[in-house]
Protein chains: 2
Amino acid sequence: MPMSKLKESLDFPRPLTTVDGVVFAIRDDALHVLLVQRAAGEGEPFPGSWALPGGFVDTVRDNSLEACAIRKLKEKTGVVSPYLEQLGSWGSATRDPRGWSATHAYFALLPAVPTRDQHAADAEWFAVTAGRVKPKLAFDHGDILQAAIQRLRSKVEYTSLPAYLMPQEFTLPDLQRVYEIVLDRVLEKSAFRARMLAADLIEPLARMRKGPNRPAQLYRLKKAKSPVYFARTFNPPG
Amino acid sequence: MPMSKLKESLDFPRPLTTVDGVVFAIRDDALHVLLVQRAAGEGEPFPGSWALPGGFVDTVRDNSLEACAIRKLKEKTGVVSPYLEQLGSWGSATRDPRGWSATHAYFALLPAVPTRDQHAADAEWFAVTAGRVKPKLAFDHGDILQAAIQRLRSKVEYTSLPAYLMPQEFTLPDLQRVYEIVLDRVLEKSAFRARMLAADLIEPLARMRKGPNRPAQLYRLKKAKSPVYFARTFNPPG
DNA sequence: TGAATAGTGTCTTTCAGACAGTATTGG
DNA sequence: CCAATACTGTCTGAAAGACACTATTCA
């Protein structure tokens with residue numbers, strides 16, 4: 001058997017390659033993340049544990065990592081085009097009992113959905129409280145979720161990312177509430193409004209949201225807006 | 001042959017798994033990146049092209065992706081513990097002619113080194129001018145380099161990352177110069193100094209840097225400092 | 001003394017924080 | 001009218017920009 005340098009490289013045992021998604025949405029006034037329960041089949045790692053939705057890259061069906069992430073998301077949630085961003089990759093000899101494995105983690109934001117669910121039967125939304133989720137997750141998915149929450153929090157300080165968590169029509173108090181939910185602290189109303197309106201991110205609709213009190217202006221996202229970066233963070237608590 | 005769900009998953013054809021590094025340093029008053037020239041062996045993709053240093057994950061020697069990145073860096077540059085951060089991953093069916101491949105890209109900052117080189121013979125420093133490097137790179141390494149430059153620029157706006165590009169001892173004008181090189185625009189001296197001194201990032205030494213004019217205070221990084229995040233960016237040019 | 005670079009001070013601008021005050025609905 | 005929430009205005013403070021000014025060296 002010839003051992004050219006090339007042959008050697010390609011003969012390396014190859015790590016398992018997977019993609020996982022951290023899908024966030026606001027439900028019932030709290031940040032939630034979508035998890036799936038692992039099958040209990042023979043030889044399955046972490047049977048019955050909750051895990052991030054994901055799976056093996058399929059070199060036939062998936063043309064790229066992102067395509068794979070989109071496919072997995074669609075299979076698990078039925079959602080087509082949410083905000084999707086790469087979070088990072090986690091790879092080691094020990095993270096999967098089946099062998100050396102590397103996962104590519106993506107991070108998705110879904111608009112708030114009405115209480116009727118649109119996710120698959122084996123998937124469930126879990127509230128993120130105090131930066132954690134109740135069940136212990138399979139693999140190193142707890143670490144990945146931690147990183148995703150941190151990234152979300154950090155970006156919310158200085159970007160318009162929460163806009164992707166909003167339904168099509170929303171009011172400025174709604175949007176502020178979502179910022180506050182993610183950051184877990186209250187923000188100043190007037191500064192918040194000034195920043196959002198200056199960002200050229202949203203546009204008012206002709207209609208108002210009626211309620212038991214003064215109606216609020218409805219807005220929607222401007223078309224095809226990628227996230228806006230602000231020059232300052234909201235003043236951190238310290 | 002039994003085809004349990006598990007068996008099916010593990011029987012997926014596995015993508016090639018590699019790690020690549022984007023190594024930055026300041027040399028001759030300009031941002032440089034370290035590239036290696038690809039071998040010209042038979043069947044080698046992109047023979048003779050310049051590429052980012054990297055290679056296949058070795059499931060025996062490498063316990064994790066980061067360990068692999070550190071090993072590759074050491075092999076190519078001889079450097080042990082620079083600033084290392086994951087940049088992202090790139091994977092697709094077409095990026096490597098040898099098959100479906102995914103690379104995990106890391107991003108490293110080296111302190112400015114004296115002109116005598118410490119890199120391997122087949123590696124060379126290339127100046128980054130106008131956000132580009134002269135040679136056309138192998139694979140999608142041009143894209144990866146672009147992303148790395150963008151990440152570096154973006155972070156330099158609001159973090160103390162350039163501190164990792166400095167030699168052990170440096171003056172505030174030196175540090176400002178490095179910020180200016182990376183951002184490719186001049187900064188205000190007094191605002192820059194105020195920000196850096198307020199960041200509790202550096203400490204003065206007893207000595208001064210002598211020159212043909214007024215001596216400058218020498219500083220060094222405080223011990224074990226992870227990067228500092230500022231609450232504002234430097235005011236962007238627009 | 002003058003050139004050159006290091007470093008400080010001062011005024012202005014910008015924008016967030018605080019918070020009071022006004023507006024508009026339903027009951 | 002009152003409660004409740006939407007929205008605006010005004011003052012203050014922190015930090016950056018602009019830029020002039022002083023400080024310290026060598027030639």
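We name chains A, B, ... by the order of the sequence lines, and we start the count at 1 in each one. Remember, it's a predicted structure, so these values are computed and weren't measured experimentally. The basis for the numbers below is simple: all heavy atoms, side chains too, and nothing from hydrogens, waters or symmetry mates.
Per the geometry, OH belonging to Y158(A) stands 16 Å off P belonging to dA16(C), to the nearest Å. Rounded to whole angstrom, the span from the CZ atom of R177(B) across to the P atom of dA6(C) amounts to 12 Å. Put simply, CE on M196(A) is 17 Å from C1' on dA6(D), counting in whole angstrom units. The separation between L218(A) atom CG and dT24(C) atom C1' is 15 Å, rounded to whole Å. Rounded to an integer number of Å, the gap from CZ of F170(A) to P of dA6(D) is 14 Å. For the pair F230(B) CZ and dA15(D) C1', the interatomic distance rounds to 13 Å; values are reported in whole Å. Separating the CD atom of Q176(A) from the C1' atom of dG17(C) is a distance of 13 Å, rounded to the nearest angstrom. When the C1' atom of dC15(C) is taken as reference, atom CZ of F192(A) falls 16 Å away, rounded to whole Å.
One side chain, Q86(A) or S89(B), offers a donor N or O that lies under 3.5 Å from an acceptor on the other.
For dA15(D), the OP1/OP2 oxygens have no side-chain nitrogen or oxygen of R195(B) closer than 4.0 Å.
If you check residues 204-212 of chain B against DNA chain D, the residues with a heavy atom closer than 4.0 Å are G211(B), P212(B), listed by number.
The stretch residues 18-37 of chain B participates, sequence neighbours left out, in these ring-ring contact (aromatic ring centres under 6.0 Å, His included) pairs: F24(B)-F107(B). Sorted by first then second residue, the salt bridge (Lys or Arg N to Asp or Glu O under 4.0 Å) pairs that include residues 141-156 of chain A, not counting sequence neighbours, are E85(A)-R151(A), E85(A)-K155(A). Applying the ring-ring contact (aromatic ring centres under 6.0 Å, His included) test to residues at least two apart or on different chains, the pairs with a partner in residues 189-223 of chain A are Y179(A)-F192(A).
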Quick one: side chains of residues 161-171 of chain B, donor-acceptor pairs under 3.5 Å with protein atoms, not counting sequence neighbours, listed by atom name and distance.
{"residue": "Y164(B)", "atom": "OH", "partner": "K225(B)", "partner atom": "O", "Å": "2.7"}
{"residue": "E169(B)", "atom": "OE1", "partner": "R207(B)", "partner atom": "NH2", "Å": "3.0"}
{"residue": "E169(B)", "atom": "OE2", "partner": "R207(B)", "partner atom": "NH2", "Å": "2.7"}
{"residue": "T171(B)", "atom": "OG1", "partner": "D174(B)", "partner atom": "N", "Å": "3.2"}
{"residue": "T171(B)", "atom": "OG1", "partner": "D174(B)", "partner atom": "OD1", "Å": "3.3"}
{"residue": "T171(B)", "atom": "OG1", "partner": "D174(B)", "partner atom": "OD2", "Å": "3.2"}

query: What do the steps show when you test E157(A) against R232(B) for salt bridge (Lys or Arg N to Asp or Glu O under 4.0 Å), and what is the final call?
result: CA-CA 11 Å; E157(A) 289 281 359; R232(B) 306 191 190 179; over 6 Å; no

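Every residue meeting the side-chain contact (heavy atoms from CB on, under 4.5 Å) condition with R132(A), not counting sequence neighbours, appears here in chain and number order: Q146(A). Not counting sequence neighbours, the partners of R71(B) by the salt bridge (charged side-chain N to carboxylate O under 4.0 Å, His left out) test are D62(B), E75(B). Checked against side-chain contact (heavy atoms from CB on, under 4.5 Å), R177(A) has the following partners two or more places apart in sequence or in another chain: D29(A), E180(A), I181(A).
The 5' end of DNA chain C is approached more closely, in terms of each residue's nearest nucleotide, by P215(B) than by the other of P215(A) and P215(B). Along DNA chain D, the nucleotide closest to P173(A) and the one closest to R232(A) are compared, and the more 5′ of them pairs with P173(A).
Checking dG7(C), dG17(C), dC7(D) against every side-chain atom of E188(A), the shortest atom distance belongs to dG17(C). Closest approach to the N213(B) side chain among dG17(D), dT5(C), dG7(C) is made by dT5(C) (side chain taken as heavy atoms from C-beta onward).
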Atom pairs, N/O to N/O, protein against nucleotides 8-11 of chain C, distance under 3.5 Å?
{"residue": "dG9(C)", "atom": "O6", "partner": "S190(B)", "partner atom": "OG", "Å": "3.1"}

